[in-house]
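Working notes, structure below.
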Amino acid sequence: MLTPNEQLKIIAKGAETIVNQEELLAKLQNSEKENRPLIIKLGLDPSAPDIHLGHAVVLRKIKQMQDLGHRAVIVIGDFTGKIGDPTGKAKGRVALSDEAVRENAATYCEQIFKVLDKEKTTVRFNSEWLSKLNFEDVIRLAATTTVARMLERDDFQNRYKNRVPIGIHEFFYPLMQAYDSVELKADIELGGTDQTFNVLMGRTLQKSVGQQEQIALFMPILVGLDGTEKMSKSLGNYIGVSESAESMYKKVMEVPDDKIITYFELATDEHPDTVAEIANELKNGKNPRDVKFTLAKIITGLYHSNEDVLKAIEYYDAAFSKKAIPDDIPQITLKSEQNSITDIIPMLIEDGFVPSKSEFTRLVKQNGVQLNGEKIDLSKLNDTLNNDDVLKIGKKKFIKFVR
RNA sequence: GGGAGAAUUCCCGAGCGGCCAAAGGGGGCAGACUGUAAAUCUGUUGCAUUAGCUUCGGUGGUCCGAAUCCACCUUCUCCCA
């Protein structure tokens, strides 16, 4: 087992903030002395069913700590989720039934354990204890803080200033999350920087009931493939942990050059010293593309077998580096009355290759459609299609025709 | 409880009753370029493309004609108590 100082180094890798380092070191020393693993808490909202590398940042960090011998407790926020957060666009979110929550949680866990060590993880639902509180308990809970303190939170402050409504119940979110920490006697709570307020509230509450305060460990928000916005499903700039090796590898290659090291820090388990070395090589003029090849291989390897990674690399080389036509493209069997491209347009629309006929025409006009590697114009649309003809629509869509 | 305002195409956001399928920006898509990208430049971005057709919260109405005017409804927001 590593010394507390060595552990600290690994835990601190990529972390945005730790509140605070000395306390953490003390906890690690205690843990070693008493031979007692630390309890690492992570709260998850059951409404986001698809886990991507952005979510995985905290999960990876927990995994790293599990490898150091500590224990993770995942809190599924079923109670919190049932109330429904009015922020954002999803208005009037339907309260999930108990069954739906369990179901979601199951698929959730499946994905979580692509990263975490199952043996060293406990999954809990916070309704277990939150649903038992009565109104008096709730008032007491509320009495531990003030409106002014609530409004310190950036999110609330901005909304208040901009006159965006804040529901009273939203004030309870941090409190409920804090209560989870008390219930679990958490030693460390992980979270993205957006969780700063909530996690710190856990410290406050633990202190007020005489518990040792948890360490707050904040991981930066992983920037998405566009290099500016945070990784999120709705922005489409994400890499899902359940994606195929091919897709994952390709997407990692789309990471902007100046975010390569960030990804090494947040999306891999590489040792801090290794990352520093790579950063140094980049600085000394190593081709970022080659570094990214390494990155893509490592990240893909975290979620897929060696064999699949090798296949993905081959696929990538063929399809993108050499711009060849990939060999596993969808095939469409032509019916006898379908002779030309014009004839199959309705089918292309139906199968989602192109949203409308207008769009298709537009693409042709813009030289975005190729038949067997040659650009076609509107006059070619009525030419006869042959067996094995390959149509390329836009950059990414290929279709092979079979008679 | 009382009063005021808002709702526009994927998003934000313009829009004297005719010249509005609707400015501008963002995003998307395509082309050029490239080290995969990014950045940049160009084009494009309701459907059909000859006319034409369906859009501007909903339902009715005024008018030769409505995103633009009127009525009611729905939803959202703000202010006062």
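Residue numbering restarts at 1 for every chain, and letters A, B, ... go by the order of the sequence lines. Both backbone and side-chain heavy atoms feed into the values below; hydrogens, waters and symmetry mates do not.
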d(CG, A:D258; C1', B:G35) in whole Å
15 Å
Side-chain atoms of A:L363 come closest, of B:G35, B:C47, B:A30, to B:A30
What's the CG-P distance between A:L225 and B:A38, to the nearest Å?
10 Å
Have a look at A:K357 and say if it touches a base, only the backbone sugar-phosphate, or nothing, with a 4.0 Å heavy-atom cut-off.
sugar-phosphate
Check whether more than 12 heavy atoms from other residues, nucleotides or ligands sit under 6.0 Å from atom CG of A:N306, and answer yes or no.
no
Would you classify A:S358 as touching base, sugar-phosphate or nothing, given that sugar-phosphate means primed atoms plus P, OP1 and OP2, and contacts are heavy atoms under 4.0 Å?
base
Atom P, compared across B:A6 and B:A22: separation rounded to whole Å:
26 Å
In Å and rounded to the nearest 0.5 Å, what is the CH2 to OH distance from A:W129 to A:Y179?
9.5 Å
Applying the Watson-Crick and G-U wobble criteria at under 3.5 Å, what pairs with B:A51? Answer none if nothing qualifies.
none
Pick from A:K61, A:K41, A:R203: which one makes a salt bridge (charged side-chain N to carboxylate O under 4.0 Å, His left out) with A:E189?
A:K41
Euclidean distance for C1', B:G61 against B:A51 (whole angstrom):
32 Å
Taking for A:P256 and for A:T361 the nucleotide of RNA chain B with the nearest heavy atom, the one nearer the 5' end belongs to A:P256
According to the Watson-Crick and G-U wobble definitions, with both distances under 3.5 Å, which nucleotide is paired to B:C29?
B:G43
B:U59: pairing nucleotide in any strand, Watson-Crick or G-U under 3.5 angstrom:
B:A71
Look at A:K365 and B:G43 and indicate whether a side-chain polar atom (N or O) is within less than 4.0 Å of OP1 or OP2.
no
Can you find a donor-acceptor pair, distance only, under 3.5 Å between A:Q366 side chain and B:G43 base?
yes
Pairing partner of B:A23, by Watson-Crick or G-U wobble and under 3.5 Å for both distances, is none
Pick the P atom in B:C72 and in B:G25, then give their distance to the nearest Å.
39 Å
Quickly work out the A:F293 CZ to B:G35 P distance and round it to whole Å.
13 Å
Please determine whether a side-chain nitrogen or oxygen atom of A:R362 lies at a distance below 4.0 Å from atom OP1 or OP2 of B:A48.
no
Between B:U42 and B:A48, how far apart are the C1' atoms? Round to whole Å, please.
27 Å
Opposite nucleotide pairing with B:C16, Watson-Crick or G-U, both atom distances under 3.5 Å
none
Starting from P on B:U36, measure out to CG on A:L295 and report it in whole angstrom.
17 Å
Can you tell me, in whole Å, how much space there is between the C1' of B:U36 and that of B:U68?
50 Å
Select base, sugar-phosphate, or nothing to describe what A:K375 touches, counting heavy atoms under 4.0 Å on all strands.
sugar-phosphate
Does B:U36 have OP1 or OP2 under 4.0 Å away from a side-chain N or O of A:K259?
no
Report the distance from atom CD of A:E246 to atom P of B:U36, rounded to the nearest whole Å.
20 Å
Whether the A:Q214 and A:S181 side chains hold a donor-acceptor pair (N or O, under 3.5 Å, no angle test) is what I'd like checked.
yes
note: A:L391, atom CG; B:A30, atom P; distance rounded to Å ~ 14 Å
Within the structure shown, what part of the strands sits under 4.0 Å from A:D290 by heavy-atom distance: base, sugar-phosphate, or nothing?
nothing
Provide the distance between the two C1' atoms, one in B:C16 and one in B:A66, to the nearest whole Å.
13 Å
What integer number of Å spans the C1' atoms of B:C20 and B:U54?
14 Å
Selection from B:U36, B:G31, B:A48 that lies nearest to any side-chain heavy atom of A:K395:
B:G31
For B:C76, which nucleotide in any strand shown is its Watson-Crick or wobble partner with both distances under 3.5 Å?
B:G5
Do A:K250 and A:Y316 form a cation-pi contact, if we require the NZ or CZ to be under 6.0 Å from the six-membered ring centre and within 45 degrees of the ring's axis?
no
B:A7 and B:A14: how far apart are their C1' atoms, nearest whole angstrom?
15 Å
May I ask you to check whether A:N339 and A:T384 show a side-chain donor-acceptor distance below 3.5 Å?
no
Does a side-chain heavy-atom distance below 4.5 Å link A:V402 with A:Q331?
yes
Expressed as a whole number of angstroms, how long is the span from A:E254:CD to B:A38:P?
7 Å
note: A:F360, atom CZ; B:G46, atom C1'; distance rounded to Å ~ 19 Å
